[in-house]
2 protein chains.
Amino acid sequence: MSTQVKDRRTAILDAVIQLLAEKGLSGVTHRAADMQAGLPQGSTTYYFPKKTALLREAAAHLALELEKDCDDLQIAFADVVAKQGMEAAIDRAAQGLLASADKGRELLLARIELTLAAARDEDLSDVGERLSVAARRPIEFFVNLVTGGRNTVPMETCVGLIDGIALMYATGQGPKPTVAQVSTVLRSLTID
Amino acid sequence: MSTQVKDRRTAILDAVIQLLAEKGLSGVTHRAADMQAGLPQGSTTYYFPKKTALLREAAAHLALELEKDCDDLQIAFADVVAKQGMEAAIDRAAQGLLASADKGRELLLARIELTLAAARDEDLSDVGERLSVAARRPIEFFVNLVTGGRNTVPMETCVGLIDGIALMYATGQGPKPTVAQVSTVLRSLTID
DNA sequence: CAATAATCACTACAAATGTAGAGTTTCGAT
DNA sequence: ATCGAAACTCTACATTTGTAGTGATTATTG
């Protein structure tokens, strides 16, 4: 059935994302993906014979997940802004960014791995672009919320800032930033 | 001769760092390192039989290079502060951070690769710590310069911020930040 | 139910990789 | 000059990986 196919495909792509986060790019092999997904050997080869295609589709899948998470976030925030005002929303924005560093640790690490891979392989450059766009969305939302659209720093740079903090935390190189610290940085992006 | 030995070892470690930046962690093989260093096959195997040791030593070598670059930077800056005052120095600090993103692109990418690897492999955790310390030094210097030691954000977080911007630029995901933008962010780290 | 196609599972194999060890060269001390 | 050791190079091999292909199973259609 079509759902069966889609289930297996997504199970494999989820497994690849998990492998990227846990074992790195070199940890992604057809056999490892089979095992991680709990499917018999050969499954990944069947659905994605070429490894480039496997990575490409995993990246697309990851981008979709990121965008879905972002949509959820925006819906949740509409309420906060409406009921508690903008100032509270800004703190919650910082909070949201930090939460995504915890919950989305896997997604973050997988995305960084793929971004690095895309920066090297010509064949994956479009994938890098796709991920970059997906990663920009929540940041764009938060930064616009905080600065009211008058941010003085390009949105890509804002993504870099936030990603850098998240990556630092995700790789265990430093303490988890506090809400106050992040919102300080967020506010600094506005013209004063 | 002893110099011969040291030359070959460092040539190999330099090659590994270059490979890390250009091909990623999975691009680092004994044979690839031989070729990159322009040495006959088997050389890397001879000096670093175990791959873990190869990576570990490459990380240590990278840390040394980072620290050396940092020392040069600090010496150069002592002059600027003395002759042109603090305000000029702050702009030059932002400029310096940006310059290191260009000149040090290889070092940055190699460091990120190793940091990610260290975050996964238990055996490399000390390496991650070593690199983290080395990366912190120049940031510490600049941030202290800008904030006068009254930075409101932990130093590790500052490293994350700067690394994130540099990585964004190094992976071609966004425009090179301007001096004004970086110094804006730098200044935001102070208590006001 | 039959048969035909789609889906899946397994085997096979060439290339690459980590690693060991056997040769070979270089070089200093006697 | 010769010996011995250190430094180096090369070959070999088991393992892993990408990928193709072949057989088995399931679903679908007439």
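Quick note on labels: first sequence line is chain A, next is B, and so on, each numbered from 1. What you are looking at is a predicted structure, and each value in this text was computed from that prediction instead of being measured.
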Validation: residues 17-31 of chain A side-chain donor-acceptor distances under 3.5 Å, sequence neighbours left out:
from	atom 1	to	atom 2	distance (Å)
A/Thr29	OG1	A/Ala32	N	2.9
A/His30	NE2	A/Phe48	O	3.0

Using atom types as modelled, flag every donor-acceptor pair under 3.5 Å from a side chain in residues 156-166 of chain B to any protein atom, sequence neighbours excluded.
from	atom 1	to	atom 2	distance (Å)
B/Asp163	OD1	B/Arg111	NH2	2.9
B/Asp163	OD2	B/Arg111	NH1	2.9
B/Asp163	OD2	B/Arg111	NH2	3.4

query: If you draw a 6.0 Å radius around CE in A/Met35, do more than 12 non-hydrogen atoms from other residues or ligands fall strictly inside?
result: no
task: Check the distance between D/dT26's C1' and A/Tyr46's OH and give it to me in whole angstrom.
output: 12 Å
Quick one: side chains of residues 59-69 of chain A, donor-acceptor pairs under 3.5 Å with protein atoms, not counting sequence neighbours, listed by atom name and distance.
from	atom 1	to	atom 2	distance (Å)
A/His61	NE2	A/Asp14	OD1	2.7
A/His61	NE2	A/Glu65	OE2	3.4
A/Glu67	OE2	A/Arg130	NH1	3.1
A/Asp69	OD2	A/Lys103	NZ	3.3

Could you list the protein-to-nucleotides 18-22 of chain C atom pairs, N/O on both sides, closer than 3.5 Å?
from	atom 1	to	atom 2	distance (Å)
C/dG18	OP1	B/Lys51	NZ	2.9
C/dG18	OP2	B/His30	N	3.2
C/dG18	N7	B/Arg31	NH1	3.0
C/dG18	O6	B/Arg31	NH2	2.9
C/dT19	OP2	B/Pro49	O	3.3
C/dT19	OP2	B/Lys51	N	2.7
C/dA20	OP1	B/Lys50	NZ	3.0

query: Looking at residues at least two apart in the chain, or sitting in another chain, which of them share a side-chain contact (heavy atoms from CB on, under 4.5 Å) with B/Thr178?
result: B/Ala180, B/Gln181
message: Expressed as a whole number of angstroms, how long is the span from A/Asp34:CG to D/dT16:P?
response: 15 Å
- prompt: Atom CG of B/Leu39 to atom C1' of D/dC10: distance rounded to whole Å?
  reply: 15 Å
message: I need the CG-P distance between B/Leu25 and C/dT17, as an integer number of Å.
response: 13 Å
- prompt: Out of C/dC8, C/dA9, D/dC8, which has the shortest distance to the side chain of B/Arg8?
  reply: D/dC8
message: I'd like to check the side-chain contact (heavy atoms from CB on, under 4.5 Å) partners of A/Asp121; sequence neighbours left out, ordered by chain and number.
response: A/Leu124
task: Quickly work out the A/Met35 CE to C/dA9 P distance and round it to whole Å.
output: 14 Å
field: Global bending angle along the helix from C/dC1-D/dG30 to C/dT30-D/dA1, which compares the axes of five pairs at either end, to 10 degrees
entry: 10°
query: Can you check the B/Ile12 CD1 to D/dA7 P distance for me, whole Å?
result: 14 Å
- request: With sequence neighbours excluded, tell me which residues meet side chain to side chain donor-acceptor pair (under 3.5 Å) with B/Asn144.
  value: none
- request: Report the nucleotide, chosen from C/dA9, D/dT9, D/dT11, that has the shortest atom-to-atom distance to any side-chain atom of B/Gln41.
  value: D/dT11
- request: Could I get the full list of side-chain contact (heavy atoms from CB on, under 4.5 Å) partners for A/Ala15, not counting sequence neighbours?
  value: A/Gln36, A/Ala37
query: Starting at CZ of B/Arg9 and ending at P of D/dA7, how long is that distance when rounded to a whole Å?
result: 11 Å
query: Do you know the tightest heavy-atom contact between A/Arg105 and A/Ala170?
result: NH2-O, 2.7 Å
